[in-house]
Amino acid sequence: MDRALPPDFYDRDVVTVAVDMLGMLLVSRTREGLAAGRIVEVEAYLSRGDAACHASRGETPGNAAMFGRPGIAYVYPIHSHCCFNVVTQAEGEPSAVLVRAVEPCRGEALMNRRRGTVPEFDLARGPGRLCKALGIDRGRNRYDLTRGRGLWIERSPGATREEPAYCSPRIGVTAARDLYLRFFLLGNPCVSGPRQPARKRSLEFQVGTSSVE
DNA sequence: CTACCGATTGACT
DNA sequence: GTCAATCGGTAGA
């Protein structure tokens with residue numbers, strides 16, 4: 001399938017990939033059906049100098065996917081939820097982009113069935129909720145995202161991202177609070193984290209406009 | 001084996 | 001804003 005982003009997309013610097021992913025479509029197809037959403041919030045985890053990265057203390061059975069080929073999924077459990085990442089950069093440079101939130105675009109009824117009755121903007125707002133809404137579980141760990149079969153990322157139909165990307169410290173991490181590696185579309189209601197008045201957003205900075213041609 | 005802990009969520013003050 | 005539930009991964013005895 002040519003709609004799925006190719007391996008080359010993922011074989012780049014993790015921050016570049018993270019920002020480029022904003023505005024793109026994350027698509028999941030299971031036996032239950034198809035569900036998809038526009039990516040509005042991500043976080044980068046660096047292969048070096050990032051104490052918050054799972055790979056920072058070496059390879060273990062649990063984080064081995066991060067050491068694999070760029071373009072595969074890294075799905076891991078936490079607090080009885082799952083988080084979905086895409087592996088980036090060269091093999092052996094264990095870095096990944098955590099997808100924290102998507103704006104539902106297709107399969108909202110299916111997502112609602114999986115998540116229960118919640119407002120639509122809440123369906124995939126947060127990494128654990130996103131996995132539940134899209135039916136992503138640990139069976140997707142190491143899944144190849146470049147084939148366009150059950151789980152992939154594609155460019156939004158005809159689309160360039162028009163909104164600027166903003167950055168902030170990552171959410172929920174205690175280590176490396178000084179790294180501004182969370183990227184999101186400011187003001188989008190599907191972005192997770194605290195909803196604050198504009199004047200209180202002192203930790204958020206614009207990082208650029210769309211890098212998609 | 002036990003102990004500790006977290007890239008979360010949902011309920012509650 | 002705060003906090004507890006909950007559970008697999010990991011390290012250590």
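None of these values were measured; they are calculated from a predicted model. Just so we're on the same page: letters track the sequence lines, and every chain starts at 1.
- dG6(B) atom C1' lies 11 Å from atom OH of Tyr45(A), rounded to whole Å.
- Heavy atoms only, all atoms of each residue included: Glu59(A) and Asn63(A) are closest at CA-OD1, 3.4 Å.
- Salt bridge Asp144(A)/Arg69(A): present, at least one basic N to carboxylate O contact under 4.0 Å.
- If you measure from atom CG of Asn63(A) to atom P of dG6(B), you get 16 Å, rounded to the nearest angstrom.
- Which of dA7(B), dT10(C), dT6(C) sits closest to the side chain of Met66(A) comes down to dA7(B).
- Looking at Leu25(A) and Arg106(A), their side chains never come closer than 4.5 Å, going by heavy atoms from C-beta outward.
- Counting heavy atoms from C-beta on, the side chains of Asp13(A) and Gln89(A) come closer than 4.5 Å.
- Note: CG (Leu46(A)) to P (dA7(B)) measures 15 Å, nearest angstrom.
- Closest heavy-atom contact between Ala96(A) and Met66(A): CB-CE, 3.6 Å.
- Listed nucleotides: dT10(C), dA5(C), dA7(B). Nearest to the side chain of His79(A): dA5(C).
- For Asn85(A), counting side-chain heavy atoms from C-beta on, the closest listed nucleotide (dG8(C), dA7(B), dG6(B)) is dA7(B).
- In this structure, Arg57(A) places its CZ atom 11 Å from C1' of dC5(B), rounding to the nearest Å.
- Residues Met21(A) and Val86(A) have side chains in contact (heavy-atom distance under 4.5 Å, counting atoms from C-beta outward).
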Exercise. Based on Watson-Crick and G-U pairs with both distances under 3.5 Å, what dot-bracket line describes DNA chain B 5' to 3', crossing pairs as [ ] and inter-strand pairs as |?
Worked result: ||||||.|||||.

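- Rounding to whole angstrom units, CG of residue Asp137(A) and P of dG8(C) are separated by 13 Å.
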Would you give me the side-chain donor-acceptor pairs under 3.5 Å for residues 37-54 of chain A, sequence neighbours excluded?
| from | atom 1 | to | atom 2 | distance (Å) |
| --- | --- | --- | --- | --- |
| Arg38(A) | NH1 | Glu163(A) | OE2 | 3.3 |
| Arg38(A) | NH2 | Glu163(A) | OE1 | 3.0 |
| Arg38(A) | NH2 | Glu163(A) | OE2 | 3.1 |
| Glu41(A) | OE1 | Ser192(A) | N | 2.8 |
| Glu41(A) | OE1 | Ser192(A) | OG | 2.8 |
| Glu41(A) | OE2 | Arg100(A) | NE | 3.0 |
| Glu41(A) | OE2 | Arg182(A) | NE | 2.8 |
| Glu41(A) | OE2 | Arg182(A) | NH2 | 3.3 |
| Glu41(A) | OE2 | Ser192(A) | OG | 3.0 |
| Glu43(A) | OE1 | Tyr45(A) | OH | 2.7 |
| Glu43(A) | OE2 | Ile171(A) | N | 2.8 |
| Ser47(A) | OG | Glu93(A) | OE1 | 2.8 |
| Arg48(A) | NE | Glu93(A) | OE1 | 3.4 |
| Arg48(A) | NH2 | Glu93(A) | OE2 | 2.4 |
| Asp50(A) | OD1 | Ala52(A) | N | 3.1 |
| Asp50(A) | OD1 | Arg170(A) | NH2 | 2.9 |
| Asp50(A) | OD2 | Leu46(A) | N | 3.0 |
| Asp50(A) | OD2 | Arg170(A) | NH1 | 2.8 |
| His54(A) | ND1 | Tyr74(A) | OH | 2.8 |

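- Put simply, CG on Asp122(A) is 16 Å from P on dT8(B), counting in whole angstrom units.
- With respect to Phe84(A), the side chain to side chain contact (heavy atoms under 4.5 Å, CB included) criterion is satisfied by exactly one of Leu134(A), Leu26(A), Val102(A), Val97(A): Leu26(A).
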Contacts under 3.5 Å, N or O only, protein and nucleotides 9-13 of chain B:
| from | atom 1 | to | atom 2 | distance (Å) |
| --- | --- | --- | --- | --- |
| dT9(B) | OP1 | Pro127(A) | N | 3.2 |
| dT9(B) | OP1 | Gly128(A) | N | 2.6 |
| dT9(B) | OP1 | Arg129(A) | N | 3.0 |
| dG10(B) | OP1 | Arg115(A) | NH1 | 3.4 |
| dG10(B) | OP2 | Arg129(A) | NE | 2.7 |
| dG10(B) | OP2 | Arg129(A) | NH2 | 2.8 |

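- Look at OH on Tyr76(A): it is 12 Å from P on dG6(B), rounded to the nearest Å.
- Look at Arg113(A) and Glu32(A) and you find no salt bridge, because none of the NZ, NE, NH1 or NH2 atoms lies under 4.0 Å from a carboxylate O.
- Closest contact between the side chain of Arg138(A) and the listed nucleotides dT10(C), dA7(B), dG8(C) involves dG8(C).
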